[in-house]
Amino acid sequence: MTQNTTSPLFTVRPGGKLQGRLRVPGDKSISHRSIMLGALAEGTTRVSGFLEGADNLATLNAFRAMGVSIDGPTAGQVVIEGVGLHGLKTPAAPLDLGNSGTSMRLLAGLLAAQSFDSTLLGDASLNKRPMKRVTGPLAEMGAKIETSEAGTPPLRIHGGQALHGIHYAMPVASAQVKSCLLLAGLYAAGETCVTEPAPTRDHTEQMLEGFGYPLQRDAATACLSSGGKLMACNIDVPADISSAAFFMVGASIAPGSDITLEHVGINPTRIGVITILRQMGADITLSNEQTVGGEPVADVRVRSAPLKGIHIPEDQVPLAIDEFPALFIAAACAEGETVLTGARELRVKESDRIQVMADGLRVLGIDARPTEDGMVIRGGTLGSGTVDSHGDHRIAMAFAMAALRADGPITVRDCENVATSFPGFVERAAGAGLAISQEGEV
């Protein structure tokens, strides 16, 4: 049956190698938070390196809809005229956040404390994602939020609620939940503390401190109290390690590769992909290390190397949660067996990344066995075939890189959402040596 919608597909010819120097787009997580905190700050915040992907633009447009003046983005430059913590205005319509789970979960915390009602909704994929992980603890703080019966969007947030601080021990490590509650805590009476069971990205904490907001961090717990102010500052967004990860894997598996990825964010809460690849035998070196705006960055050089299967340490899973689609491709090209456990979170991302990656790997002839909280992959020879990304940007890019080691062309379907995190992926990947082309499908 012919569909009315057209979605791009990738066709990638086998072989090739990745070479040269490349700067991938700005960090998605930091770009989201720069808009949110810049909007709530007092004064003018200037952002450089902003990721102009669909997810971050959804956050930007949401704050414009709430009366915040934002100039740009123009070549990664954004200027935000902050309205202060209490300066947001009632949006005229529901806030459509597209495919961005980060936008929805973090905004839920901010908007739960506002004086006005608001509604958050998303695309078909986002509207299936679980939100009880944030609406539950927000309700404990006094928020009033309605969801579907299944606990999914749209979120109908009732304003005018008096929030109070809580001490929340997260049952599952999630930077989105942690950030949501800390942002709600900016408005809650008393102290709000969040304790995580394993380290997760700490960009929210770093940026709150960068905006001058008092925050206490003690091991696994972060605490703040209401009553402070956010003061405008300048933010230089580093290149996104999650986007760089595809090139790290591609260069590792393609013989003759030697690529340097410039100005990559290497926050210790984000470098699980480097640690895991090195344990598999990858040749990765860091240079030009520096700190920019509180975030460590470095140039990352990756040369091809024979990989071996490993049992991925569970303490690295939260530090690489977004990079597993790429890491599964590395495992498919490694000698022996790679075992992932403790990654149940992957089943509730933009897609069920465990099942969708396993299905795609099997299409390409790889022995991939999904488990409840991970996968077992036996390295082998990648074949030719057509895989469905199910609209998941990271899965689409991962299978594109797989063609570097495949014995025939790979077609990846439903690639429209690649623009959410990596606008210009096809052009940059082709420039680095991947034999990729994009066309529409009906």
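Source: prediction; values computed, not measured. The chain is numbered in sequence order, starting from 1.
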Quick check: closest heavy atoms across [X] and [Y], and the distance to 0.1 Å?
{"X": "Tyr213", "Y": "Ser225", "answer": "OH-O, 2.6 Å"}
{"X": "Leu361", "Y": "Phe399", "answer": "N-CZ, 3.7 Å"}
{"X": "Ile157", "Y": "Ala112", "answer": "CG2-CA, 3.7 Å"}
{"X": "Arg217", "Y": "Ala222", "answer": "CG-CB, 4.3 Å"}
{"X": "Pro91", "Y": "Ser118", "answer": "CG-CB, 4.4 Å"}
{"X": "Ser31", "Y": "Gly49", "answer": "OG-O, 4.4 Å"}

Which value, rounded to the nearest 0.5 Å, describes the distance between [X] atom [atom1] and [Y] atom [atom2]?
{"X": "Thr119", "Y": "Asp117", "atom1": "OG1", "atom2": "CG", "value": "7.5 Å"}
{"X": "Met104", "Y": "Leu120", "atom1": "CE", "atom2": "CG", "value": "5.5 Å"}
{"X": "Leu230", "Y": "Met36", "atom1": "CG", "atom2": "CE", "value": "13.0 Å"}
{"X": "Lys178", "Y": "Thr200", "atom1": "NZ", "atom2": "OG1", "value": "3.0 Å"}
{"X": "Thr420", "Y": "Leu126", "atom1": "OG1", "atom2": "CG", "value": "11.5 Å"}
{"X": "Asp123", "Y": "Lys128", "atom1": "CG", "atom2": "NZ", "value": "9.5 Å"}

Is a donor from one side chain sitting under 3.5 angstrom from an acceptor on the other, for [X] and [Y]?
{"X": "Arg33", "Y": "Thr204", "value": "yes"}
{"X": "Thr135", "Y": "Thr147", "value": "no"}
{"X": "Asn99", "Y": "Asp55", "value": "no"}
{"X": "Glu416", "Y": "His393", "value": "no"}
{"X": "Asn56", "Y": "Glu52", "value": "no"}
{"X": "Thr59", "Y": "His32", "value": "yes"}

Measuring only between side-chain heavy atoms, which start at C-beta, is [X] closer than 4.5 Å to [Y]?
{"X": "Phe10", "Y": "Gln438", "value": "yes"}
{"X": "Val292", "Y": "Gln290", "value": "yes"}
{"X": "Met397", "Y": "Ser421", "value": "yes"}
{"X": "Val300", "Y": "Thr260", "value": "no"}
{"X": "Leu277", "Y": "Leu327", "value": "yes"}
{"X": "Arg21", "Y": "Leu261", "value": "no"}
{"X": "Gln206", "Y": "Thr269", "value": "no"}
{"X": "Ile35", "Y": "Ile80", "value": "yes"}

Do side-chain atoms of [X] reach the backbone of [Y] as a donor and acceptor pair under 3.5 angstrom?
{"X": "Ser389", "Y": "Asp414", "result": "yes"}
{"X": "Asp373", "Y": "Thr341", "result": "no"}
{"X": "Ser226", "Y": "Ala188", "result": "yes"}
{"X": "Ser179", "Y": "Gln176", "result": "no"}
{"X": "Asp27", "Y": "Ile30", "result": "yes"}
{"X": "Thr74", "Y": "Gln77", "result": "no"}
{"X": "Arg64", "Y": "Ile70", "result": "yes"}
{"X": "Asn288", "Y": "Ala298", "result": "no"}
{"X": "Arg278", "Y": "Ile284", "result": "yes"}
{"X": "Glu295", "Y": "Thr291", "result": "no"}

How far apart are the C-alpha atoms of Phe116 and Met66, what are their side-chain angles, what is the distance that settles it, and do they pass the side-chain contact (heavy atoms from CB on, under 4.5 Å) test? CA-CA 11 Å; Phe116 51 82; Met66 291 185 286; 4.1 Å; yes

Classify the angle between the aromatic ring planes of Phe246 and Phe425 as parallel (below 30°), tilted (30 to 60°) or perpendicular (above 60°).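 The rings of Phe246 and Phe425 stand perpendicular, inter-plane angle above 60°.
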
May I ask you to decide if the ring planes of Phe328 and Phe324 are parallel, tilted or perpendicular, using 30° and 60° as cut-offs? tilted

Pairs involving residues 281-291, ordered by first then second residue, that meet salt bridge (charged side-chain N to carboxylate O under 4.0 Å, His left out) (sequence neighbours left out): Asp283-Arg303

Verdict with reasoning, Leu319 to Thr275, per side-chain contact (heavy atoms from CB on, under 4.5 Å): CA-CA 9 Å; Leu319 310 185; Thr275 302; over 6 Å; no

One pair to check against side-chain contact (heavy atoms from CB on, under 4.5 Å): Arg301 and Ser287. What are the steps and the verdict? CA-CA 8 Å; Arg301 184 181 183 185; Ser287 63; over 6 Å; no

Only one of Lys28, Arg201, Arg270 forms a salt bridge (Lys or Arg N to Asp or Glu O under 4.0 Å) with Asp240, so which one is it?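 Passing option: Arg270.
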
Going by disulfide bond (SG atoms under 2.5 Å apart), name the pairs with one or both residues in residues 208-253, residues two or more places apart or in two chains. Cys193-Cys223

Per-pair distances, 0.1 Å, donor-acceptor, side chain in residues 137-145, under 3.5 Å, sequence neighbours excluded:
none

Thr45 vs Asn234, side-chain contact (heavy atoms from CB on, under 4.5 Å): CA-CA, chis, key distance, verdict: CA-CA 6 Å; Thr45 292; Asn234 295 336; 5.9 Å; no

Hey, do the aromatic rings of Tyr187 and His86 have their centres closer than 6.0 Å?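 They qualify: ring centres under 6.0 Å apart.
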
Cationic N near anionic O, under 4.0 Å, Arg369 to Asp367: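 Result for this pair is yes, salt bridge flagged.
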
Assess whether a salt bridge exists between Glu345 and Arg133, defined as any Lys/Arg side-chain N lying under 4.0 Å from an Asp/Glu carboxylate O. yes

Please lay out, stage by stage, how Asp392 and Arg353 fare under the test salt bridge (Lys or Arg N to Asp or Glu O under 4.0 Å). CA-CA 8 Å; Asp392 191 318; Arg353 286 182 173 161; 2.8 Å; yes

Would you indicate whether Arg362, at its atom CZ, is surrounded by more than 12 heavy atoms from other residues, nucleotides or ligands within a distance under 6.0 Å? yes

Arg413 vs Asp388, test: salt bridge (Lys or Arg N to Asp or Glu O under 4.0 Å). Steps then yes/no. CA-CA 5 Å; Arg413 302 190 60 180; Asp388 192 333; 5.5 Å; no

